[in-house]
Amino acid sequence: MILDAGARPVMIGSEIYRGSSYGPKHPLAIPRVSTTLDLVRALGWLPAAAYRDSPRASPAELARFHHPDYVAALQRAEAAQSVTAEDRVRFHIGAHGNPVFREIFSRPATGAGGTLLAARLTRDGGVAYVPGGGTHHGRPDRASGFCYLNDAVLGLLAWCDAGIARILYIDIDAHHGDGVQDAFHDDPRVFTLSVHEDGRWPFTGGLADRAGGHARNIPVPAGFHDDEMRWLLHEAILPVVRQLRPEAIMLQCGADALEEDPLSRLSLSNNAHWAMVRALMGLAPRLIVLGGGGYNPWAVARCWAGVWAMLNGLTVPERLPPAAEAVLRALGWHRAAGRNPPEHWFTTLRDSPRRGVVRASVRRAAAEILRDLPGQVTAA
Ligand SMILES: [Zn+2]
């Protein structure tokens, strides 16, 4: 089936994430998608008709972007629950933060299947949300940055293959969306725009990096807050949308730029993510929202549940009903901050806004990325 342009948003999830872990010491030891689904269900926000179970992408589907040798290596690692020295060196499996874990092939293949389904469902218009997607570091022939496959690239390619030729990919994860940018380096159908922490891994995506013309990057300083993101939204991102007039927008909505995240030094509240989602809705006939990074289990689930509320125009209650609170109280976290979580992580979805002065570097970056956009008429 294909969604009507006016159809209700669809949530694409899977039970494969429940109980899945990259290992007890890994940042992705935590539940994220399962908690998000439990929360939106506890809030009464997910009627059965709005939910689709993610299919698992087949090796043939993955081969649209990934090398068959690499896909086969992931399948081997899952079957053996170990990796050969050769595969470790060649494919970065079992190395560089990409551990061998129980669902090392089937979980990322399910994420990829979810984003591929989202692209299919929105072919003629509509909105789809894949919180298990957003693995933006994945490379054609190797794992990178906790990402084994690149569902975002596969979804964008599926849109391209459906004849959609003006696509905007926006990435607000704390880390540069390097795998997506590089995948479309020579493909003007997909324009990529990434906002990420300056000086953080993978250390690419500088302000001057335009990937041959159809990418823009906004590295932002530590402490980057809601007012600065609002500035970028109105002074950089929305002007890019107006200039490019995309037929489709994909938003990677990683939650690791939140103040409470242990892997970045950015200071957004989830209001920033929700404002981004709201602002992008309706600006193109097709919208896919993906998850991404996010390593504090409470912060991620509260943020991503609220994203679903925004997509559906639902009001976020000031205090969560008991069933939703129980979902959050059931979480544990192996890090120090998990020993004594603040009460509002249990009782609310919405963070307090994080306000501040918009720093000069943020203003400068916003102005800089608007120069020489594709199709722009420059004054003589
Ligand atoms: Zn990230």
Side-chain angles (χ1 to χ4, degrees), residues 17 21-23 25-33 35-36 92 96-99 107-108 111-112 115 130-139 142-153 155 169-183 192-206 209 215-225 228-229 232 237 250-270 272-273 276-277 288-304 307 333 335 337:
Y17 299 98
S21 168
Y22 277 36
K25 297 228 163 81
H26 195 281
L28 285 177
I30 60 167
R32 309 183 320 145
V33 176
T35 311
T36 303
H92 296 193
H96 310 294
N98 313 305
R107 172 171 158 175
T115 305
V130 194
T135 52
H136 58 168
H137 300 304
R139 297 293 179 165
R142 63 184 157 86
S144 179
F146 316 163
C147 303
Y148 299 85
L149 300 169
N150 198 315
D151 65 282
V153 168
Y169 171 82
I170 301 172
D171 188 320
I172 59 170
D173 192 279
H175 302 91
H176 177 222
D178 57 345
V180 183
Q181 176 179 308
D182 291 354
T192 65
L193 170 55
S194 178
V195 179
H196 46 266
E197 187 178 344
D198 193 11
R200 181 159 300 285
W201 187 93
F203 309 110
T204 50
D209 176 5
R216 292 293 185 276
N217 284 290
I218 309 182
V220 294
F224 179 68
H225 53 70
E228 289 178 322
M229 186 60 113
L232 290 186
I237 296 171
M250 181 181 282
L251 172 66
Q252 198 271 20
C253 201
D256 48 5
L258 292 170
E259 162 79 14
E260 294 87 354
D261 194 273
L263 293 201
S264 89
R265 295 170 62 214
L266 304 182
S267 297
L268 297 179
S269 81
N270 56 27
H273 294 67
M276 183 69 59
V277 170
I288 294 177
V289 179
L290 306 175
Y295 306 98
N296 173 323
W298 288 280
V300 175
R302 292 167 66 249
C303 180
W304 288 355
V307 166
W333 199 22
R335 295 181 74 103

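Order of listing sets the numbers, starting from 1, for every ligand and every atom in it. One-based numbering along the sequence shown. Just so you know, these numbers use all the heavy atoms, side chains as well, and skip hydrogens, waters and symmetry mates.
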Within the structure provided, determine whether F146 and H26 are in side-chain contact (heavy-atom separation under 4.5 Å). yes

Residue pair T135 / P108, side-chain heavy-atom distance below 4.5 Å: no

Hey, is there an N, O or S on H175 sitting under 2.8 Å from the Zn ion (ligand 1)? yes

Calculate, to the nearest 0.5 Å, the distance between atoms CZ and CD1 belonging to F224 and I172 respectively. 9.0 Å

Has R265 got more than 12 heavy atoms of other residues, nucleotides or ligands less than 6.0 Å from its CZ? no

As a test of reading the structure, name the N/O/S atom of D256 that is nearest the Zn ion (ligand 1). OD2

Could you pull out the atom name of the N/O/S atom in D173 that is nearest the Zn ion (ligand 1)? OD1

